[in-house]
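Reading through the structure tokens given below for one structure.
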There are 2 protein chains.
Amino acid sequence: MELSKTSYVILGMLRTRTHTGYEIKSIVDHSTRFFWAASYGQIYPELKRLEEAGLVKGEAEAQGARQRRSFSLTPEGRRELEDWISSGEPLRFELRHEGLLRFFFADVVDPAEQLELVRDMREMHERTRTEMEAIRPHAEEARAERGQEFPLKTLEFGIAYQEFMADWCSRMEREIHKETGD
Amino acid sequence: MELSKTSYVILGMLRTRTHTGYEIKSIVDHSTRFFWAASYGQIYPELKRLEEAGLVKGEAEAQGARQRRSFSLTPEGRRELEDWISSGEPLRFELRHEGLLRFFFADVVDPAEQLELVRDMREMHERTRTEMEAIRPHAEEARAERGQEFPLKTLEFGIAYQEFMADWCSRMEREIHKETGD
DNA sequence: TATAGCATGTAATTAGTTACATGATTAA
DNA sequence: TTAATCATGTAACTAATTACATGCTATA
């Protein structure tokens, strides 16, 4: 069975304990979504496929009349996850940035609009940074209670990344302002 | 007509002069593809739609028996491009980074593998940086000959960005090494 | 008692890549 | 003469989002 990146997100989320599809979605939304998102439309069908492939095991945990299936990693699933992290396969990355795309073509508009664009970009990155700061307690808890170092390191990277982007925007604001001004 | 980001890439590429679909593809591959890619499978059908919408105009420029259609911006197309750059619509951005995704889950493998992962990530970003440096002459030419400031600024951002990523990887290498060592 | 959150899932749509098919021209 | 590059386009596929549909449970 061919595993997609999203399959690995799911396997990874089950590395410490069992979770429902719903829980996986909300953990993703508080962690990996900044560099790898996943929707219900991917998670539920993928959980089914992973179960068929013997990499996860679902167990009914109904609470009263509410249906609920918790999934756990099988030994094969864990091996698959570890192999993927250790595999030397090329690491792809992709940035899709609408602001940068507009910026690239910004010679066709005048400085006032150029300035507005970079200002909007900076604000967006500052907002995302704030959003990430709000998540920090989660990552600190994961470290304190489950000994996980990497979610926090990853979050700290994310914050530094947003800062880097916002700083670059500030620099561009100054550069453009110089031309507009005197 | 609803325009996608890729539509704007095409309009943008025609801002200074006419181009064929083939040329647009190769310019994209030397510029915006680092934050917005486009394939032939998008470009040719999209050029057709843009022409039907009156935003670009194609002209046959056959050289002997070889077919060739060059497209130019119509006044409406230019306005559409300018409006998009100036519009205050939310600027979306998305990072998909397989290395970071593995890193997030890296608690499940041992330090030797963690180290290998960040090393691979660093090397990838250094390679991309080198690739971008190779493009610099193109962007400098655009500035010198067509007065375009923004493609060069964007490229310089790209280079700084790759450096930032590579530096962070180096820092992680040192951090992990400390734990592996003594 | 009503709203927010928990929970599962599918269908339709959109976006995008890859592979394929074809052929001309230029430079080594 | 052959390989690289120029040039156009479609078909099949893959990935992913969004909207929809359903219903339970806890809490304010």
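Just so it is clear: chains get the letters A, B, ... in the order the sequence lines come, proteins before strands, and each one is counted from 1. Everything quoted here is computed from the prediction, not taken from an experiment.
A donor-acceptor pair is defined here as one N or O able to donate and one able to accept, closer than 3.5 Å; no such pair exists between the side chain of S86(B) and the backbone of D83(B). A donor-acceptor contact shorter than 3.5 Å links the side chain of R15(A) to the backbone of G12(A). Listed for the T74(A) side chain is a donor-acceptor partner under 3.5 Å among the backbone atoms of G54(A).
Here dA15(C) presents its P atom at 10 Å from CH2 of W36(B), a figure rounded to the nearest Å. Atom CZ of R66(A) and atom C1' of dA4(C) are 11 Å apart (whole Å). Here the C1' atom of nucleotide dT14(C) and the CD atom of E94(B) are 14 Å apart, to the nearest Å. In this entry the distance linking CD of Q67(A) with C1' of dT10(C) reads 13 Å, nearest Å. Rounded to whole Å, atom C1' of dA19(C) lies 13 Å from atom NZ of K25(B). Distance, Y8(B) OH to dA15(C) C1': 16 Å, rounded to whole Å. In this entry the distance linking CD of E61(A) with P of dC6(C) reads 15 Å, nearest Å. Atom CG in D29(A) sits about 14 Å away from atom P in dG5(C), given to the nearest Å.
A side-chain contact (heavy atoms from CB on, under 4.5 Å) with F103(A) holds for exactly one of Q114(A), M172(A), H97(A), E98(A); it is M172(A). Paired with R129(A) under the rule side chain to side chain donor-acceptor pair (under 3.5 Å), one option of E126(A), H125(A), E133(A) passes, and it is E133(A).
Salt bridge status for E156(A) with R171(B): absent, with no side-chain N to carboxylate O gap under 4.0 Å. E51(B) and R69(B) are joined by a salt bridge, as a carboxylate oxygen and a charged side-chain nitrogen come within less than 4.0 angstrom of each other. Note on R92(B) versus E94(B): no salt bridge recorded, every NZ/NE/NH1/NH2 to OD/OE distance being 4.0 Å or above. Residues E46(A) and R49(A) are paired through a salt bridge, judged by an N-O separation under 4.0 Å between the basic side chain and the carboxylate. D29(B) has a carboxylate O that lies under 4.0 Å from a charged side-chain N of K25(B), or vice versa, which qualifies the two as a salt bridge.
Along DNA chain D, the nucleotide nearest to R96(B) and the one nearest to R69(B) differ in position, and the one closer to the 5' end is contacted by R69(B).
Near DNA chain C, meaning a heavy atom under 4.0 Å away, the residues from residues 38-60 of chain B are S39(B), G41(B), Q42(B). Listed by residue number, the members of residues 10-22 of chain B with any heavy atom below 4.0 angstrom from DNA chain D are T20(B), G21(B), Y22(B).
Chain A approaches DNA chain D over the interval dA16(D) to dT25(D), counting the first and last nucleotide 5' to 3' with an atom under 4.0 Å from its heavy atoms.
T6(B) comes within 4.0 angstrom of sugar-phosphate atoms only, judged by non-hydrogen atoms across all strands, and of no base.
Side-chain heavy-atom separations under 4.5 angstrom define the hydrophobic clusters, and the remaining members of the one that includes Y22(B) are Y40(B), Y44(B).
Counting heavy atoms from C-beta outward, E61(A) and S70(A) have side chains that approach closer than 4.5 Å.
In this structure, K5(A) places its NZ atom where more than 12 heavy-atom neighbours from other residues, nucleotides or ligands lie under 6.0 Å away.
For F157(A), the ring pair (Phe, Tyr, Trp, His ring centres under 6.0 Å) partners at least two apart in sequence or on another chain are Y161(A), W168(B).
Summary for the helix from dT1(C)-dA28(D) to dA28(C)-dT1(D): the axes at its two ends, each from 5 pairs, differ by 30° when rounded to the nearest 10 degrees.
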